[in-house]
Amino acid sequence: MVLKIVRTVWPVMLTYVAIGAPCGMIMGQTGMEPWMVFALSSTFVTGSGQFMICNLWLAGVPAPSIIASVAAISSCFALYSASIAPHLAGASKRQTLAVAATLTEEAYGISLAKLVEGEDWGPRESFVLNVILIVTWGASCTMGAIVGAVVDVPTAIASFVCTSLFICLLFSQRLSRGNVVAAVSGAVSVAVCKFLGLTNIAVPASVVVGIAIALACDAVFDGRGARDAR
């Protein structure tokens with residue numbers, strides 16, 4: 001079973017190595033030892049949240065703002081768990097908890113696709129997949145922390161890895177009104193916050209503003225379309 005899962009997920013594992021190493025370098029620059037990097041990376045399931053914690057910490061952002069920013073990004077896991085739960089209805093509570101507690105973004109996408117397609121896939125396979133990806137991510141981050149202690153890599157270069165990842169994810173999304181409105185309004189809200197000196201709340205505020213405006217825009221246009229059809 002493990003070999004079958006590895007054959008399925010090896011491209012994601014390679015991606016984890018490419019992204020996890022720069023993340024580990026940044027974590028090392030915050031003063032964390034390699035064992036601390038592995039401990040955090042193995043228990044904190046969102047890689048983007050780790051990038052955010054380190055970058056905001058190095059920028060001197062207060063802890064409450066860091067917590068709020070990471071919480072806003074991590075809130076998507078509630079939706080992940082809710083959407084995958086119906087496909088694990090036959091599993092025990094212990095199995096469901098094990099899958100939910102170790103779920104990552106990429107593991108969610110793979111497991112959900114397997115469950116929806118009706119393949120020979122259940123909570124056991126989902127849990128093993130989660131563990132494989134978590135161990136890969138933790139080892140990659142630790143490797144980056146060790147290399148970063150020997151080779152001086154500028155923080156700006158390592159930090160841009162996460163930014164470039166989100167840019168790729170943005171352009172891979174379906175070009176819809178809601179996505180465009182969310183991206184533009186989020187970027188504008190960050191610029192406004194920084195212009196007003198509200199740097200500490202710029203990131204969480206942009207998330208809330210972008211989602212709220214996109215939802216409102218979709219509701220208005222969808223409602224108008226329904227009225228026109230009538």
Side-chain angles (χ1 to χ4, degrees), residues 1-24 38-53 69-141 161-174 176 178-179 182-183 186 203-204 207 210-211 214-215:
M1 182 188 65
V2 174
L3 292 177
K4 181 185 74 172
I5 294 175
V6 171
R7 285 195 296 267
T8 302
V9 80
W10 69 265
V12 178
M13 296 172 67
L14 293 180
T15 303
Y16 272 18
V17 174
I19 300 175
C23 183
F38 183 79
L40 177 60
S41 302
S42 301
T43 54
F44 201 80
V45 293
T46 168
S48 56
Q50 286 183 223
F51 269 102
M52 179 172 287
I53 291 173
S69 301
V70 176
I73 286 183
S74 302
S75 61
C76 62
F77 281 91
L79 300 177
Y80 293 163
S81 299
S83 64
I84 203 172
H87 301 283
L88 300 175
S92 65
K93 291 184 178 180
R94 180 178 298 180
Q95 290 175 324
T96 304
L97 178 61
V99 173
T102 57
L103 198 64
T104 64
E105 293 98 331
E106 293 76 15
Y108 160 77
I110 296 173
S111 291
L112 184 61
K114 295 289 186 181
L115 292 168
V116 170
E117 292 171 1
E119 295 190 17
D120 184 17
W121 194 274
R124 188 163 171 257
E125 286 78 9
S126 295
F127 176 71
V128 173
L129 169 65
N130 295 349
V131 172
I132 290 174
L133 291 183
I134 287 175
V135 171
T136 304
W137 174 258
S140 301
C141 291
V161 172
C162 186
T163 303
S164 62
L165 172 63
F166 279 105
I167 292 174
C168 291
L169 292 175
L170 175 64
F171 281 98
S172 65
Q173 296 297 308
R174 181 173 60 89
S176 64
N179 288 341
V203 174
V207 173
I211 294 175
L215 290 175

Could you pull out the closest heavy-atom pair between [X] and [Y], with the gap in Å?
{"X": "Ala39", "Y": "Thr43", "result": "O-OG1, 2.8 Å"}
{"X": "Pro22", "Y": "Ala18", "result": "CD-O, 3.0 Å"}
{"X": "Ala98", "Y": "Thr102", "result": "O-OG1, 2.8 Å"}
{"X": "Gly138", "Y": "Ser42", "result": "CA-OG, 4.2 Å"}

Working to the nearest 0.5 Å, report the span between [atom1] of [X] and [atom2] of [Y].
{"X": "Arg124", "Y": "Gln95", "atom1": "CZ", "atom2": "CD", "answer": "9.5 Å"}
{"X": "Leu129", "Y": "Ser111", "atom1": "CG", "atom2": "OG", "answer": "4.5 Å"}
{"X": "Ile110", "Y": "Ile5", "atom1": "CD1", "atom2": "CD1", "answer": "10.0 Å"}
{"X": "Leu103", "Y": "Ile84", "atom1": "CG", "atom2": "CD1", "answer": "5.5 Å"}
{"X": "Leu88", "Y": "Trp121", "atom1": "CG", "atom2": "CH2", "answer": "11.5 Å"}
{"X": "Lys114", "Y": "Thr8", "atom1": "NZ", "atom2": "OG1", "answer": "4.5 Å"}

By ring-ring contact (aromatic ring centres under 6.0 Å, His included) - contacts of Tyr80 (at least two apart) |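 With sequence neighbours excluded, Tyr80 shows a ring-ring contact (aromatic ring centres under 6.0 Å, His included) to Phe77, Tyr108, given in chain and number order.
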
So which pairs with a foot in residues 4-24 pass ring-ring contact (aromatic ring centres under 6.0 Å, His included), sequence neighbours left out?
->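 For residues 4-24: Tyr16-Trp137.
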
